[in-house]
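Written out below as structure tokens is the structure these notes cover.
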Amino acid sequence: MEDELLAQRREKLDRLRSDGIDPFPHAFPGVEAIAAVRAAHQGLADGEETEVSHRVAGRIAARRGQGKMAFIDLVDRSGRIQLQARLDVLGAETHERLLNLDLGDLIGIDGTAFMSRRGELTLRVDGFTVLAKSLRPPPDKHHGLHDVETRYRQRELDLIANEESREVFVNRARIISAIRRALDDDGFVEVETPTLVSLYGGALAKPFTTHFNALHQDMYLRIATELYLKRLIVGGLERVYELGKNFRNEGLSPRHNPEFTMIEWYEAYADYLDETRRVEEVVCAAARAVDYQGELQLFEPWKRITLRDAILEQTGIDVLEHRERDALAAVIDAHPTHRIPTKDRTWPQLVDDLLGEFVEPTLQQPTFLMDYPVELSPFAKRHREIDGLTERFEAYICGIEIANAFTELNDPDDQRARFEAQVRYAGEGDEEAQPYDESYVRALEHGMPPTGGVGVGIDRLTMILTGRDTIREVILFPALRD
RNA sequence: GCCCCUAUAGCUCAACUGGCAGAGCAGCGGACUCUUAAUCCGAAGGUUCUAGGUUCGAUUCCUAGUGGGGGCACCA
């Protein structure tokens with residue numbers, strides 16, 4: 001059956017060639033976007049004709065009628081427009097050739113604009129050019145393409161068939177542009193640091209490993225850009241950002257893809273409180289870029305609450321009142337309703353568990369959770385008032401973590417001690433503990449100014465701003481099994 | 001890695017407690033000069049994901065595998 005459909009299209013291809021028509025010409029200059037054509041004829045009355053000619057190009061999406069007159073829907077990146085093919089305008093041979101084209105074929109046309117009696121802006125085709133013959137049948141013209149596996153594996157078909165999918169990726173691009181613009185306009189310098197690294201760091205995650213043949217050396221794909229960027233702060237660039245892919249060798253989920261896009265920025269002389277405001281500013285810029293109209297109060301100042309108060313609110317447990325692991329575990333075990341497994345969990349892990357279980361799901365409106373335990377934050381500066389905490393926040397929207405930020409740790413001796421602690425955790429079997437990065441500590445020894453730094457997950461932010469509930473909907477080619 | 005769900009025509013979906021696998025769209029032949037999910041007539045189109053098993057008989061039940069989805073674990 002499929003073979004038959006392909007053979008029929010092949011035959012039409014051969015027929016074009018035998019008629020002396022190149023089915024794959026090199027270019028088609030002078031094309032207007034369909035949206036521009038539409039804009040040029042706003043306010044035309046039903047049935048009103050014009051003398052205005054337009055050249056448009058795109059893919060044949062639908063066809064109605066087959067006789068002396070037919071309508072064809074043409075789609076380009078900017079929209080859809082109806083074409084009218086008339087025997088009396090085109091002549092028998094050209095008319096038949098136009099109607100013999102298949103759904104999915106790419107054509108360019110010159111046509112005269114008029115408004116149909118039913119009020120649809122239409123181009124009467126005066127001439128057309130085949131721009132590329134399509135040799136495979138397109139998805140259903142009305143139902144589109146629903147099968148998620150096909151949509152992800154053959155994203156081109158998804159984009160052809162589903163306009164809302166095209167919109168998501170256009171909006172993703174707008175979000176990225178807006179974020180860059182917001183930072184560029186405030187004096188930030190965009191930089192590029194290595195993706196292929198001999199030492200991974202800057203986050204707690206498992207890396208992908210590869211091998212560099214020339215150097216006979218195992219290498220990693222970066223898990224974060226953090227450490228390189230802060231070396232640039234040491235170097236005096238003062239305001240830097242990098243927007244690019246990170247790679248983490250972990251499970252897939254609706255919120256996780258092994259390669260994902262992150263922006264990290266760092267600014268000298270700022271702390272994490274300054275960064276809350278910059279996160280608001282950057283996210284608002286992105287939201288404006290996609291004309292966000294949803295329920296989230298992105299444009300108001302976001303809620304700020306300490307991690308301790310948030311857990312206290314949701315569970316009645318004050319983690320700072322129970323600073324010992326056993327004490328906290330006992331309180332959790334004795335809790336009437338909010339109980340979680342406590343066996344073999346350390347104090348910071350228990351805090352993290354309480355957060356994930358009882359706090360995160362409640363953080364629907366934009367919220368900054370402030371002040372995390374030092375054990376979970378090897379690159380964050382110690383809290384200026386509260387022992388055992390760091391100046392760190394995570395920003396949540398729709399229960400999803402979208403940003404992570406610190407007042408950066410710039411004391412090289414403290415940083416060295418943190419690395420040593422990480423090495424101990426690794427020795428105890430923690431696969432995500434940080435390897436010791438001597439060149440980073442050495443850079444800090446030259447002096448890093450007080451600095452605020454932020455990482456924002458672009459894919460997750462795009463999910464939120466486009467209303468998608470899985471990360472695969474905002475990544476063109478999400479990771480799938482072969 | 002574990003648990004659950006799922007796979008039918010090119011696309012979107014049906015098929016009761018096991019009984020010859022159907023429809024719409026697309027495609028093919030025909031009618032049609034304002035249609036728009038165009039309409040009308042006609043003829044087609046299937047290794048029901050794969051490999052086994054149970055059964056007189058399997059799309060349907062069982063086992064295993066593969067892909068996909070969800071959850072757990074891990075994480076952003």
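All chains are named by letter (A, B, ...) in the order of the sequence lines, taking the proteins before the strands, and each is independently numbered beginning at 1.
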Nearest-angstrom distance, P atom, B:C61 to B:A14: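 Going atom to atom, P in each nucleotide, I get 15 Å.
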Nearest-Å distance once atom P is located in both B:A37 and B:C32: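 Here B:A37 and B:C32 have their P atoms 23 Å from each other.
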Donor on one side chain, acceptor on other, A:N100 and A:R97, under 3.5 Å: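 No, no side-chain donor-acceptor pair sits under 3.5 Å.
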Can you see whether A:Y266 engages A:K230 through a side-chain donor-acceptor pair at a distance of less than 3.5 angstrom?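 A:Y266 vs A:K230: no donor-acceptor pair found between side chains.
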Give every donor-acceptor pair under 3.5 Å between a side-chain atom in residues 105-117 of chain A and any protein atom, sequence neighbours left out.
from   : atom 1 : to     : atom 2 : distance (Å)
A:D105 : OD1    : A:K133 : NZ     : 3.4
A:D105 : OD1    : A:S134 : N      : 2.9
A:D105 : OD2    : A:D102 : N      : 2.8
A:D105 : OD2    : A:K133 : NZ     : 2.7
A:D110 : OD1    : A:R55  : NE     : 3.0
A:D110 : OD2    : A:R55  : NH2    : 3.0
A:T112 : OG1    : A:D126 : OD2    : 2.7
A:S116 : OG     : A:R118 : N      : 3.3
A:S116 : OG     : A:G119 : N      : 3.3
A:S116 : OG     : A:E120 : N      : 2.9
A:S116 : OG     : A:E120 : O      : 3.4

Out of [options], which has the shortest distance to the side chain of [X]?
{"X": "A:H146", "options": "B:U35, B:U12, B:G68", "result": "B:U12"}
{"X": "A:R472", "options": "B:U35, B:G69, B:G68", "result": "B:G69"}
{"X": "A:R117", "options": "B:G68, B:C34, B:C32", "result": "B:C34"}
{"X": "A:S116", "options": "B:G69, B:U36, B:U12", "result": "B:U36"}

Output every pair passing salt bridge (Lys or Arg N to Asp or Glu O under 4.0 Å) with a member in [range], not counting sequence neighbours, ordered by first then second residue.
{"range": "residues 66-79 of chain A", "result": "A:R64-A:D73, A:D73-A:R80"}
{"range": "residues 254-264 of chain A", "result": "A:K245-A:E259"}
{"range": "residues 142-160 of chain A", "result": "A:E149-A:R153, A:R151-A:D158, A:R151-A:E473, A:R155-A:D158"}
{"range": "residues 452-472 of chain A", "result": "A:R172-A:D459"}

Are more than 12 heavy atoms, taken from residues, nucleotides or ligands other than A:E163, located less than 6.0 Å from that residue's CD atom?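 Open.
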Mind calculating the distance between [atom1] ([X]) and [atom2] ([N]) to the nearest angstrom?
{"X": "A:L6", "N": "B:G45", "atom1": "CG", "atom2": "P", "answer": "17 Å"}
{"X": "A:N249", "N": "B:G1", "atom1": "CG", "atom2": "P", "answer": "12 Å"}
{"X": "A:L103", "N": "B:A26", "atom1": "CG", "atom2": "P", "answer": "7 Å"}
{"X": "A:I397", "N": "B:A76", "atom1": "CD1", "atom2": "C1'", "answer": "14 Å"}
{"X": "A:D73", "N": "B:C34", "atom1": "CG", "atom2": "C1'", "answer": "13 Å"}
{"X": "A:D459", "N": "B:A76", "atom1": "CG", "atom2": "P", "answer": "14 Å"}
{"X": "A:L369", "N": "B:A76", "atom1": "CG", "atom2": "C1'", "answer": "15 Å"}
{"X": "A:L145", "N": "B:A37", "atom1": "CG", "atom2": "P", "answer": "21 Å"}

Restricting to ring pair (Phe, Tyr, Trp, His ring centres under 6.0 Å), what partner residues turn up for A:F419, sequence neighbours left out?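 Only A:F379, A:Y436 meet the ring pair (Phe, Tyr, Trp, His ring centres under 6.0 Å) criterion with A:F419.
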Distances under 3.5 Å between nitrogen or oxygen atoms of protein and nucleotides 21-25 of chain B:
from  : atom 1 : to     : atom 2 : distance (Å)
B:G24 : N2     : A:D140 : OD2    : 3.1
B:C25 : O2     : A:D140 : OD2    : 3.2

Measure the CG-OG1 distance between A:D271 and A:T276 for me, rounded to the nearest 0.5 Å.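 Output value for this atom pair is 8.5 Å.
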Any donor-acceptor pair under 3.5 Å joining the side chain of A:Q84 to the base of B:U35?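 A donor-acceptor contact between them is absent.
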What residues, two or more places apart in sequence or in another chain, satisfy side chain to side chain donor-acceptor pair (under 3.5 Å) together with A:D353?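 Per chain and number, A:D353 pairs via side chain to side chain donor-acceptor pair (under 3.5 Å) with A:R345.
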Residue list, side chain to side chain donor-acceptor pair (under 3.5 Å) with A:D88, at least two apart or on another chain: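 So A:D88 forms a side chain to side chain donor-acceptor pair (under 3.5 Å) with A:R86.
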Taking only N and O in the side chain of A:R481, is any of them less than 4.0 Å away from OP1 or OP2 of B:G67?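 Answer yes for this pair, as a side-chain N or O of A:R481 is under 4.0 Å from OP1 or OP2.
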Between A:R460 and B:A76, is there a side-chain N or O to OP1/OP2 distance below 4.0 Å?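 For B:A76, neither OP1 nor OP2 has a side-chain N or O of A:R460 closer than 4.0 Å.
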Considering only heavy atoms, which members of residues 44-57 of chain A lie under 4.0 Å from some atom of RNA chain B?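 By residue number: A:E49.
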Nearest heavy-atom pair of A:P137 and A:L6: which atoms, and what distance?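 So the minimum-distance heavy-atom pair works out to CD-CD2, 3.9 Å.
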Contact list (N/O, under 3.5 angstrom) for nucleotides 71-74 of chain B vs protein:
from  : atom 1 : to     : atom 2 : distance (Å)
B:C74 : O2'    : A:E432 : OE2    : 3.1

RNA chain B: A:T470 or A:E401, which has the more 5' nearest nucleotide?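 On the 5' side of the pair lies A:T470.
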With a 4.0 Å cut-off, would you call A:R277 and A:E280 a salt bridge?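 Salt bridge flag = no for A:E280 with A:R277.
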List, with names and distances, any nitrogen or oxygen atoms from the protein found under 3.5 Å away from nitrogen or oxygen atoms belonging to nucleotides 28-30 of chain B.
from  : atom 1 : to    : atom 2 : distance (Å)
B:C28 : OP1    : A:K12 : NZ     : 2.7

